[in-house]
Amino acid sequence: MSEPLLLGLNLRAAYRIRLGEIRAVDGVDFEVPRGAVVGLAGESGCGKSTLVNVLLANVRPPLMLKSGKILLDGLELLGMAREEVRKKVWGVKVSYVPQSALNAINPTKRIIELVKDAIRQHKPATDEEIISLCKKRFEELNLPVDSVYKYPHELSGGMRQRVIIAISTLLNPRLLVVDEPTSALDVSTQKQVLRMMLDMKKDRIIDSILFVTHELPVLRQVATHVYVMYAGKIVEYGPADSIFFSPMHPYTKALMYSVMTPEPESRARGLVTIPGEPPSLLMPPQGCRFHPRCPYAMDVCRVREPKLLSMGEGRGVACFLHHSEAVN
Ligand code: SF4
């Protein structure tokens, strides 16, 4: 089996604040196989975005890395200076489209000016070379070529999202990381964004995708592998089909069958919300961190923390309900 494109081992990272440490990533192992679409799912505040920043070696105060090793396409990221990572890794080996990208884009610059700024961070290039590169990519992805001369506000939300993803991958990074790329979009526009990302993979513009979302059902349309995160830890992982068709962890089931919308709307659609709130990562509950919200909690869950154990066939779960089935 080939080595994964991205591998993170024993990752621990915390935000240092006056009251102590917020342990947002607490002992996580994570991998993105080559050619895979890996989904990372969990509620807001569970540590997903922090984990992504750690995996991309984007760690700055108040976030501190406490332990871990990260290999991206053979490069050991944590041994590199930030400037080296900026030049050799970001935009080149991996491109990251954060959740805030739609709003953070500079409204006073045309798309092509944004592209020039981005490309020249990595290599010298003339205006003509950049325009030609950009137009060629837009043609490949069936995006209107004249949108390169538009201002961001002249594009619809869905088109803006597709354009941001297209220009972030102009240098053909092996990995595309997208954080909630579809959450502000209607269903048909979501499908266009998802389709474009899968086309980029099929056309070998990128190798693999890491897709971060609080909406587990969205991953059903694209993911080959899924990780579920709760309170700074991975609580379940596995091939997408097995996670979607036979989720093991009670939190995964809750994410699958419930929605984070106001109750009347949820009830009208026959869905339920997950009761309770995610715990504080400053002082997480003792034992299983999900136990205050778990309908199956037992005495042991309140005092001992379940390990993330292998269930075989590429699956793992951290829940005492399944530990008698674990394989060594
Ligand atoms: Fe629920 Fe216990 Fe499993 Fe935690 S370990 S998810 S509390 S049953």
Side-chain angles (χ1 to χ4, degrees), residues 8-14 21-31 38-51 212-220 223 225-261 263 266 270-328:
L9 293 172
N10 190 29
L11 300 173
R12 291 179 198 277
E21 284 186 355
I22 297 173
R23 284 174 279 156
V25 176
D26 200 357
V28 168
D29 293 335
F30 196 92
E31 72 174 58
V38 175
L40 173 59
E43 289 165 280
S44 297
C46 70
K48 305 185 300 292
S49 298
T50 306
L51 174 58
V212 184
T213 182
H214 68 283
E215 294 176 293
L216 192 49
V218 172
L219 290 178
R220 205 169 188 156
H225 302 69
V226 172
Y227 284 77
V228 178
M229 191 167 187
Y230 186 76
K233 291 178 175 283
I234 300 299
V235 295
E236 184 164 7
Y237 67 87
D241 282 353
S242 56
I243 297 282
F244 293 129
F245 293 114
S246 58
M248 296 175 109
H249 198 283
Y251 180 62
T252 311
K253 291 181 188 174
L255 272 186
M256 279 293 295
Y257 303 124
S258 54
V259 287
M260 314 296 165
T261 53
E263 281 207 10
S266 310
L271 298 164
V272 291
T273 49
I274 300 176
E277 299 280 327
S280 155
L281 296 178
L282 190 59
M283 277 197 291
Q286 197 189 350
C288 172
R289 292 182 180 184
F290 190 55
H291 87 252
R293 302 172 78 189
C294 180
Y296 309 100
M298 304 165 279
D299 288 345
V300 64
C301 308
R302 297 180 183 89
V303 289
R304 274 183 45 211
E305 187 174 325
K307 288 192 176 133
L308 182 60
L309 297 184
S310 169
M311 298 287 124
E313 298 182 348
R315 297 194 71 171
V317 67
C319 174
F320 291 122
L321 290 175
H322 297 282
H323 277 186
S324 59
E325 307 151 38
V327 296
N328 291 317

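In each ligand, atom 1 is the first atom listed, and ligand 1 is the first ligand listed.
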Please say whether more than 12 non-hydrogen atoms of neighbouring residues, nucleotides or ligands are located less than 6.0 Å from CZ in R302.
yes
P250 heavy atoms within 4.0 Å reach ligand 1 at atoms 6 (S)
Do E236 and Y251 get their side chains close enough for a donor-acceptor pair, meaning under 3.5 Å?
no
Check each atom of ligand 1 against the heavy atoms of C319 and keep those under 4.0 Å away; list them by number with element.
3 (Fe), 5 (S), 6 (S), 8 (S)
Identify whether the distance between the nearest side-chain nitrogen and carboxylate oxygen of E43 and R293 falls below 4.0 Å.
yes
Positive for side-chain contact (heavy atoms from CB on, under 4.5 Å) with D29, one of L308, L11, L9
L9
To which protein heavy atom is atom 5 (S) of ligand 1 closest, and what is the distance rounded to 0.1 Å?
F320 N, 3.4 Å
Just which atoms of ligand 1 are under 4.0 Å from any heavy atom in L321?
8 (S)
Nearest non-hydrogen protein atom to atom 6 (S) of ligand 1, with distance, is H249 CE1, 3.5 Å
Between F290 and H249, how do the two ring planes meet: parallel, tilted or perpendicular, split at 30° and 60°?
tilted
Students should be able to answer this: which protein heavy-atom is nearest to atom 2 (Fe) of ligand 1, and at what distance?
C301 SG, 2.3 Å
N/O/S atom of H291 inside 2.8 Å of atom 2 (Fe) of ligand 1, strictly under:
no
Mind listing the closest non-hydrogen atom pair of P250 and Y296 along with its distance?
CG-CD1, 3.6 Å
Examine all N, O or S atoms of C294, backbone included, and report whether one is under 2.8 Å from atom 1 (Fe) of ligand 1.
yes
Which heavy-atom pair separates P217 from L255 by the least distance, and what is that distance?
CD-O, 4.1 Å
Identify, for atom 4 (Fe) of ligand 1, the protein heavy atom at the shortest distance, and state residue, atom and that distance.
C288 SG, 2.4 Å
